[in-house]
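Before any comments, here is the structure.
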Amino acid sequence: MREGTVLVTGGVGYIGSHTVVELYSAGYRPIIADNLSNSSPVILEGISKIVGEKPIFERVDCANQKEVEALFINYPNIEYVIHFAAYKAVGESVEKPLLYYRNNLLSLINVLEQLEKRGRGSLIFSSSCTVYGNPDPKDLPIDESAPLRPASSPYGATKQMCEEILKDCAEAPHSKLNAISLRYFNPIGAHPSALIGELPQGEPQNLMPIVTQTATGERERVMVFGDDYNTPDGSCIRDYLAVTDLAKAHLAALKSLESAEERGSIQYFNLGTGRGLSVFEVLNSFMEANSIEIPYTVAPRRAGDVEQVWANPAKANRELKWSADTPLPEIMRSAYRWESRLKELPLKEG
Ligand code: UD1
């Protein structure tokens, strides 16, 4: 067991919690730092049940410099940080940009300062395909060399800025920092045990939680935002991957950082399946996998939506020896199982 060498900020969140589980199964005992601002102790309990022990958990606000400093003092063996702690609601970021800039930028800066103070350490950053903005169709599927276009929201801008900060730190003279930025496409589904999964942030805006809530009868119908796009069936296209596969990519990135010989580098990886799915295809695949009908209606386009974007994951396949290959019906069943269980959970903040 490698204990206390890996810090997972935001480790109680959606992707963070699945990553913690993967770390355990690979023999790590990570430290979780989370302020539970967008999660719940029930996820911590879910992690405990899956891994068979209570994980090391510190309630820390990563945007607070003093708290992050104290965390690093308490855990002197931290060598690797997997940094998830950030806000992620696109719509909210448009309404409250300062909240997003403060939280997302400061939490990264605070952690980097501690690594710099130690003169060692590596960081894996939770980035997003949102850094590519609205891509030119000729760049599809998107690989890491595609141009970064203006972000469509302050949330997206924080991801671009955080990547800039990381790059400058990694490439500074005499830098000892190695960084990997993982650009996620659309993670969906949940752990097969249904003990952890995505928690709704109030009213969900993302497609999958809306689909699963409709399946359990919590919502009447799914609104398909636009069927007049320039795509085969008229609805938008995304690259949906299993959150469990995405979690495994963090382990692969960690292994690659562990074996890195040189210091002062930054690498970028697109994490997706390489397959684009339309909104209608997502709906049909969910209905078929779960043998359930979901009512849906076509509604006007949603402002700010990108028409189509999917990944070319060849670099991650090759260099991280990783691929997102959980079959789609399995992902769809895990999403439904989690939503069904979610209704029974006490989700009060602890
Ligand atoms: C959005 C962000 C992305 C962010 C992610 C995380 C943009 C352009 N992208 O992804 O950067 O990382 O959220 O939260 O803002 N849809 C419907 N009906 C619904 C909900 C969604 O038809 O009720 C459609 C959308 O139009 C879109 C697709 O489903 O085509 C996926 O939407 P969503 O799950 O919100 O993800 P993105 O918009 O791709």
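The chain is numbered in sequence order, starting from 1. Atoms within a ligand are numbered from 1 in the order they appear, just like the ligands themselves.
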>> Tell me whether the count of non-hydrogen atoms from other residues, nucleotides or ligands lying under 6.0 Å of CD in Glu116 goes above 12.
In response: no
> Quick one: do the Thr231 and Gln308 side chains pair a donor with an acceptor below 3.5 Å?
Replying inline: no
>> Using a 4.0 Å cut-off to any heavy atom of Cys236, which atoms of ligand 1 qualify?
In response: 30 (O)
> For atom 4 (C) of ligand 1, which protein heavy atom lies nearest, and how many Å away is it?
Replying inline: Tyr155 CE2, 3.7 Å
> Does any donor atom in the side chain of His83 or Thr9 lie under 3.5 Å from an acceptor atom in the other side chain?
Replying inline: yes
> For atom 2 (C) of ligand 1, what is the nearest protein heavy atom, given as residue, atom name and distance?
Replying inline: Val90 CG2, 3.6 Å
> Got a salt bridge between Arg118 and Glu113, using NZ or NE/NH1/NH2 to carboxylate O under 4.0 Å?
Replying inline: no
> With a 4.0 Å cut-off, would you call Glu144 and Arg183 a salt bridge?
Replying inline: no
> Would you say Ile210 has any N or O atom under 3.5 Å from an N or O of ligand 1, going by distance alone?
Replying inline: no
>> Could you go through Asp61 and Lys66, starting from their C-alpha distance and side-chain angles, then the distance that decides it, and tell me whether this counts as salt bridge (Lys or Arg N to Asp or Glu O under 4.0 Å)?
In response: CA-CA 9 Å; Asp61 177 359; Lys66 292 271 167 287; over 6 Å; no
> Which residue and non-hydrogen atom of the protein lie closest to atom 33 (P) of ligand 1, and at what distance in Å?
Replying inline: Asn206 ND2, 3.4 Å
> Side chain, backbone, both or neither: which part of Val282 comes within less than 4.0 Å of ligand 1 when only heavy atoms are counted?
Replying inline: neither
> Is Asp305 touching ligand 1 with its side chain, its backbone, both, or neither, if touching means heavy atoms under 4.0 Å apart?
Replying inline: side chain
> With only distance considered, is Val279 within less than 3.5 Å of ligand 1 through an N or O on each side?
Replying inline: no
>> Any carboxylate oxygen within less than 4.0 angstrom of a Lys/Arg side-chain nitrogen, looking at Arg59 and Glu67?
In response: no
> For atom CD of Gln65, is the number of surrounding heavy atoms from other residues, nucleotides or ligands below 6.0 Å larger than 12?
Replying inline: no
>> Under 3.5 Å between any N/O of Ser152 and any N/O of ligand 1: does that happen in this structure?
In response: no
> Would you call Tyr184 a ligand 1 contact, heavy-atom distance under 4.0 Å?
Replying inline: no
>> Would Arg301 and Tyr229 count as a cation-pi pair here, with the cationic atom under 6.0 angstrom from the ring centre and within 45° of the axis?
In response: yes
> Considering only heavy atoms, does Tyr240 approach ligand 1 within less than 4.0 Å through its side chain, its backbone, both, or neither?
Replying inline: side chain
> At the 4.0 Å heavy-atom cut-off, does Tyr14 count as touching ligand 1?
Replying inline: no
> Is it the side chain (CB and beyond), the backbone, both or neither of Arg301 that lies under 4.0 Å from ligand 1, heavy atoms counted?
Replying inline: neither
> In terms of residue, atom name and distance, what is the protein heavy atom nearest to atom 34 (O) of ligand 1?
Replying inline: Leu207 N, 2.8 Å
> Nearest non-hydrogen atom to atom 16 (N) of ligand 1 belongs to which of Phe225, Tyr296, Phe185?
Replying inline: Phe225
> Are there protein heavy-atom neighbours of atom 9 (N) of ligand 1 below 4.0 Å?
Replying inline: no
> Which ligand 1 atoms does Thr130 reach within 4.0 Å, using its non-hydrogen atoms?
Replying inline: 11 (O)
>> Centroid separation under 6.0 Å, is that true for the rings of Phe286 and Tyr336?
In response: yes
> What pair of heavy atoms forms the shortest contact from Ser126 to Tyr184, and how long is it?
Replying inline: OG-OH, 2.8 Å
>> Can a side-chain donor-acceptor contact be found between Thr216 and Glu339 if the only test is distance below 3.5 angstrom?
In response: no
> Is there at least one pair of N or O atoms, one from Met223 and one from ligand 1, spaced under 3.5 Å apart?
Replying inline: yes
>> Check for me whether Ser128 has a heavy atom closer than 4.0 Å to any atom of ligand 1.
In response: yes
